[in-house]
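These notes are about the structure you will find just below.
Here is the naming used below: chain letters follow the sequence lines, and residue numbers restart at 1 for every chain.
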Amino acid sequence: MDAKPSIAKSLAEATGLSETELLGYIETPPERAMGDYAFPCFRLAKALKKAPAAIAAELKEKLVLPAGIERADAAGGYLNFYADRADLARKAISRVLFEGDSYGGSDVGGGKNVCVEFSSINIAKAFHIGHLPTTAIGHALNRIYKALGYHTIAINHLGDWGTQFGKMLVAYKKWGEGKPIEGSTVRELVHLYVRFHEEAEKDDTLNAEARAWFRKIEEGDAEAVDLWQRMKDLTLKEDGEVYKLLGVSFDSYAGESFYEDKMQAIIDELDDKGLLVTDKGAKIVDLSAYDMPPCIIVKSDGATLYATRDLAAACYRKKTYDFVKSLYVVAYQQNLHFRQFFKVLELMGKDWVKNCEHVNFGMVSMEEGTLSTRHGNVVYLEDVLKASIEKTLEIIKEKSPDLENKQEAARAVGVGAIIWGVLYNSRIKDTSFSWAKVLNFDGETGPYAQYTHARCCSVLRKAGGYEKEGVDYSLLKEVSAAELIRAIAALPEAVKAAAEKNEPYLVARCAIDVASAFNKFYFECRILDEVPGVRAARLALTDAARQTIKNALYLLGLEAPERM
RNA sequence: GUUUCCGUAGCUCAGCCGGAUAGAGCGUCCGCCUCCUAAGCGGAAGGCCGCGAGUUCGAAUCUCGCCGGGAACGCCA
């Protein structure tokens with residue numbers, strides 16, 4: 001479908017230059033009227049000692065046009081190529097319709113394993129909007145890699161260990177009023193946690209008590225472990241509802257506690273390899289040779305740290321899954337941590353660390369200030385999703401009063417709007433949470449893409465089917481149709497690039513391009529009441545647009561309802 | 001202070017492995033539903049691409065410096 005290689009071959013024959021070099025020069029003109037491919041002749045000006053415009057004119061005469069290219073025009077220093085539109089349309093549309101739900105993907109992954117660590121919620125803490133980026137990005141990447149033929153392992157690296165559980169136990173025992181954990185809510189636990197910090201300000205002995213209780217958990221004290229496990233169960237059950245709403249699932253919930261018994265081996269290995277140094281009572285790996293602060297492996301009180309657990313987890317994952325890639329979808333605040341931790345793996349001789357990647361993203365802040373579970377300043381993700389669904393339901397009632405299953409459509413669109421909000425920009429951007437922004441469904445939004453999809457479905461439904469064989473694609477001669485075809489054809493490359501850069505927004509932009517192009521096409525061209533040949537061609541194009549939007553949305557973790 | 005990321009329209013952002021008049025959405029203003037879903041389409045207004053040098057035939061894009069903002073910087077995760 002991509003004619004660049006054949007153009008490069010023709011150019012190579014005409015100029016005697018390297019085909020691969022020429023291929024790299026071929027670009028896409030900024031406007032459709034300028035053709036489908038462009039070769040800038042400026043690059044040859046020096047070597048050939050001629051003006052670019054003259055080179056373009058000369059090449060135009062000398063060149064033997066490859067198949068699929070109708071003509072070439074010299075324009076300034078550019079040689080513009082015009083593709084055979086009917087050929088392009090036929091190839092693009094039939095490919096989409098043939099591949100169906102798998103269009104956009106490929107089999108390059110060959111079933112090899114990719115680990116994707118994301119979401120990583122904390123037990124007994126709020127599932128708040130700060131967890132949305134990692135959850136949405138990780139989930140999207142999981143689907144994108146799967147679509148490319150990889151076998152993925154979605155890992156929720158639970159924050160289920162540490163002194164905060166000692167604090168939780170103290171608070172629960174002191175102020176929980178004997179209410180069984182199963183009958184409580186995570187929010188109640190969060191209130192207890194907030195209260196602990198308030199009280200501990202006044203009474204420092206509480207902190208000592210908390211440490212003691214955490215020690216009990218570590219030592220396997222029956223009561224302590226039981227309470228901890230029940231808090232964990234409660235959190236997973238409640239957060240499971242949010243995941244269900246989001247359509248997110250995991251293959252592994254191996255969190256911090258899972259690696260408790262796997263860290264000593266790492267510490268020993270570091271020691272054996274002579275990497276461990278004792279400094280100020282702590283065991284560290286010195287990274288000053290790499291302009292980084294040391295990586296602390298064991299604290300002076302003998303306790304392990306985040307880095308120790310991450311080392312154990314990385315080695316465990318390599319051993320268990322033998323991944324070709326291991327992603328960590330974690331906020332950019334931890335950039336240094338990941339650089340240190342990867343460097344330590346490298347020093348340990350784990351050459352596979354080159355396949356580990358920190359997929360970082362920007363912060364979510366509140367217009368009112370920073371998010372903090374400790375201070376009770378949180379916006380629960382569940383509340384955001386519910387508000388979005390509620391607003392969507394109102395819009396549906398107003399715009400589609402006859403729609404059955406309004407609630408179901410509202411859920412798909414309301415949740416989609418929220419997920420989209422995270423995925424339509426590059427990861428690194430910081431975002432500030434605002435209800436107004438989150439609940440705006442106009443323009444480049446998830447609902448817009450979903451709406452366009454539903455519009456396609458509606459047309460196809462009313463058409464009652466069409467003759468898919470022998471469609472005459474040369475009848476799609478409008479500029480708006482050509483633009484739509486180009487947008488549709490762009491998905492596979494977008495998915496590939498999204499995986500290479502771990503940037504789901506590339507797929508989101510592609511979805512918007514198709515939606516926007518379809519809406520223009522839809523406005524300009526009648527579909528159903530056309531003569532049979534044109535009708536069939538336009539329906540096939542509509543069908544391809546529908547499929548492309550659906551697939552792109554799926555890769556991002558959004559549903560594509562057929563009516564809304 | 002050091003390291004690092006970011007700085008493009010009033011706002012939110014694409015474009016950044018150099019190339020044709022710098023794009024989109026939101027917001028503002030103006031049009032378009034007797035016709036396939038108006039969550040739509042069209043138009044207008046709105047830009048020293050943070051600033052200054054350098055490299056180049058050509059710089060929003062590459063390099064350096066500066067300014068502004070975020071983040072991290074040894075026993076939290």
Side-chain angles (χ1 to χ4, degrees), chain A residues 24-25 27 29-31 34 38 40-43 45-46 51-52 75-78 80 120 122 157 159 161-164 256 279-284 287 291-301 303-307 309-310 330-337 339-340 360 362-363 365 392 395-396 398-400 403 413 417 421 424-426 428-432 434 436-437 440-452 454-463 505-506 508-509 512-513 515-516 518-530 535 538-539 542 563-564:
Chain A
Y25 294 161
E27 51 193 60
E31 272 177 47
M34 295 168 172
C41 301
F42 309 92
R43 306 189 181 262
K46 206 172 232 175
Y78 290 89
N80 294 332
S120 304
N122 295 313
H157 189 75
W161 207 245
T163 32
Q164 73 260 30
E256 295 174 10
D279 190 61
K280 292 169 192 148
K283 290 181 181 171
I284 65 162
L287 298 174
D291 290 321
M292 279 187 272
C295 185
I296 303 175
I297 305 296
V298 183
K299 296 201 283 184
S300 45
D301 67 358
T304 54
L305 288 105
Y306 184 45
R309 269 184 285 278
D310 265 347
V330 179
Y332 71 61
Q333 277 115 314
Q334 295 189 32
N335 279 355
L336 177 61
H337 164 74
R339 278 180 54 222
Q340 292 178 302
N360 60 2
M363 302 202 328
S365 60
T392 308
I395 296 174
I396 290 176
E398 184 200 325
K399 301 196 187 247
S400 312
L403 180 64
V413 176
Y424 96 108
N425 284 329
S426 55
I428 203 68
K429 300 281 178 183
D430 287 336
T431 49
S432 147
S434 113
K437 256 190 309 188
N440 170 36
F441 299 164
D442 295 328
E444 293 173 349
T445 62
Y448 171 77
Q450 289 169 316
Y451 168 81
T452 309
R455 220 179 196 187
C456 293
C457 289
S458 175
V459 172
L460 291 161
R461 197 164 49 236
K462 288 194 171 145
Y505 86 89
L506 294 167
R509 301 277 165 171
I512 285 299
D513 288 345
S516 156
F518 177 78
N519 284 322
K520 281 186 182 74
F521 166 74
Y522 177 89
F523 184 79
E524 283 177 19
C525 304
R526 298 294 301 174
I527 300 165
L528 295 179
D529 31 278
E530 269 295 344
R535 184 176 190 270
R538 289 183 180 172
L539 279 169
T542 301
R563 300 170 198 247
M564 62 185 268

Nearest-nucleotide check on RNA chain B, A:I512 vs A:V459; residue mapping nearer the 5' end is A:I512
Check the phosphate of B:G25 against A:Y505, side-chain N and O only, distance under 4.0 Å to OP1 or OP2. Yes or no? no
A:N519 has its side chain closest, among B:G40, B:A14, B:C36, to B:G40
Send over the distance from A:Y332 OH to B:G70 C1', rounded to a whole Å. 5 Å
RNA chain B in dot-bracket form (Watson-Crick or G-U pairs under 3.5 Å, [ ] crossing, | inter-strand) is (((((((..((((.....[...)))).(((((.......))))).....(((((..]....))))))))))))....
How close do A:I527 and A:R535 get, heavy atom to heavy atom, and via which atoms? O-CG, 3.5 Å
Kindly give the heavy-atom pair with the smallest separation between A:L460 and A:L539, and that separation in Å. CD2-O, 3.7 Å
Listed nucleotide nearest any side-chain atom of A:R309, set B:A38, B:A77, B:A14: B:A77
Does A:F441 reach a base, just sugar-phosphate, or nothing at all? Heavy atoms under 4.0 Å. base
Base B:G42 paired with A:K520 side chain (donor-acceptor, <3.5 Å): no
Describe the nucleic acid contact of A:N80 in one word from base, sugar-phosphate, nothing, applying a heavy-atom distance below 4.0 Å. base
Distance check, P atoms only: B:G65 and B:C73, in whole angstrom units. 25 Å
What's the CD-C1' distance between A:Q333 and B:C6, to the nearest Å? 14 Å
Could you check whether A:Q164 gets within reach of a base, just the sugar-phosphate, or nothing at all, counting any heavy atom under 4.0 Å? nothing
Closest approach of A:A38 and A:P29, non-hydrogen atoms and distance? CB-CG, 3.9 Å
Rounded to whole Å, OH of A:Y424 lies from P of B:A24 at a distance of 15 Å
Does the A:T452 side chain pair with the main chain of A:Y448, one donor and one acceptor, at a distance under 3.5 Å? yes
Same-atom distance (P) from B:G10 to B:U55, integer angstrom: 32 Å
Nearest to the side chain of A:A38, heavy atoms from C-beta on, is which of B:A20, B:U37, B:C73? B:A20
How close or far is atom P of B:A14 from atom CZ of A:R509, stated in whole angstroms? 6 Å
Give the minimum heavy-atom separation between A:D310 and A:H157, together with the two atoms involved. OD1-NE2, 4.1 Å
Write down the distance separating the P atoms in B:G70 and B:U61, rounded off to the nearest Å. 24 Å
Categorize A:L336 for me: base, sugar-phosphate, or nothing, with a 4.0 angstrom heavy-atom threshold over every strand shown. sugar-phosphate
Choosing from B:A14, B:C26, B:U37, which nucleotide comes nearest the side chain of A:R455? B:U37
Report which part of the nucleic acid A:D279 touches: base, sugar-phosphate, or nothing (heavy-atom distance under 4.0 Å, all strands). base
Would you kindly give the CD1-to-C1' distance between A:I428 and B:G69, to the nearest whole Å? 14 Å
If you look at every strand shown and take non-hydrogen atoms under 4.0 Å, does A:E31 touch a base, only sugar-phosphate, or nothing? base
Nearest-neighbour nucleotide for the A:R339 side chain, B:A77, B:G40, B:U3 considered: B:U3
Between B:G46 and B:C11, how far is it from one C1' atom to the other, in whole Å? 12 Å
Please report, rounded to the nearest Å, how far the P atom of B:G15 is from the NZ atom of A:K429. 9 Å
Measure from the side chain of A:M363, starting at C-beta and using heavy atoms only, and say which of B:A20, B:U37, B:A71 lies closest. B:A71
Between A:V413 and A:Q450 the two heavy atoms that sit nearest each other are CA-OE1, 3.5 Å
Classify the nucleic acid contact of A:C41 as base, sugar-phosphate or nothing, counting any heavy atom under 4.0 Å across all strands shown. nothing
From A:R309 atom CZ to A:W161 atom CH2, the distance as rounded to the nearest 0.5 Å: 9.0 Å
Look at all strands and tell whether A:A45 reaches a base, only sugar-phosphate, or nothing, counting heavy atoms closer than 4.0 Å. nothing
Same-atom distance (C1') from B:C51 to B:C67, integer angstrom: 7 Å
Distance-only side-chain donor-acceptor flag, A:N519 / A:Y451, under 3.5 Å: no
Taking any heavy-atom pair under 4.0 Å as a contact, classify A:M292: base, sugar-phosphate, or nothing. nothing
What contact category does A:P30 fall into here, base, sugar-phosphate, or nothing, at under 4.0 angstrom with non-hydrogen atoms? base
Out of B:A77, B:C36, B:C13, whichever nucleotide has its closest atom nearest the side chain of A:Y306: B:A77
Distance between the P atoms of B:A60 and B:C48, in whole angstroms? 14 Å
What integer number of Å spans the C1' atoms of B:C17 and B:G1? 34 Å
Just call it for A:P29: base, sugar-phosphate, or nothing, with non-hydrogen atoms closer than 4.0 Å on any strand. base
As a test of reading the structure: which of B:C13, B:A77, B:A20 is closest to the side chain of A:E27, going by heavy atoms? B:A20
Toward the 5' end of RNA chain B, by each residue's nearest nucleotide, A:V413 or A:R43: A:R43
From CA spacing to verdict: side chain to side chain contact (heavy atoms under 4.5 Å, CB included), A:R563, A:S400: CA-CA 9 Å; A:R563 300 170 198 247; A:S400 312; over 6 Å; no
In whole angstroms, the gap separating P of B:A77 from CD of A:Q334 amounts to 10 Å
Worked check of side chain to side chain contact (heavy atoms under 4.5 Å, CB included) between A:M292 and A:L336: CA-CA 8 Å; A:M292 279 187 272; A:L336 177 61; 4.1 Å; yes
Among B:G70, B:G74, B:A14, find the nucleotide with the atom closest to the side chain of A:P294. B:G74
Note: A:A463 and A:L528 closest approach over all heavy atoms is CB-CD2, 3.5 Å
Taking syn as any angle within 90 degrees of 0 and anti as the rest, which one fits B:C26? anti
Measuring only the C1' atom in each nucleotide, how far is B:A14 from B:A9? A whole number of Å is fine. 13 Å
Side chain of A:Y522 - closest among B:A20, B:C41, B:A38: B:A38
Quick one: A:K437 NZ to B:C13 C1', roughly how many Å, whole number? 11 Å
Return yes if the base of B:A38 and the side-chain atoms of A:D442 contain a donor-acceptor N/O pair under 3.5 Å, otherwise no. no
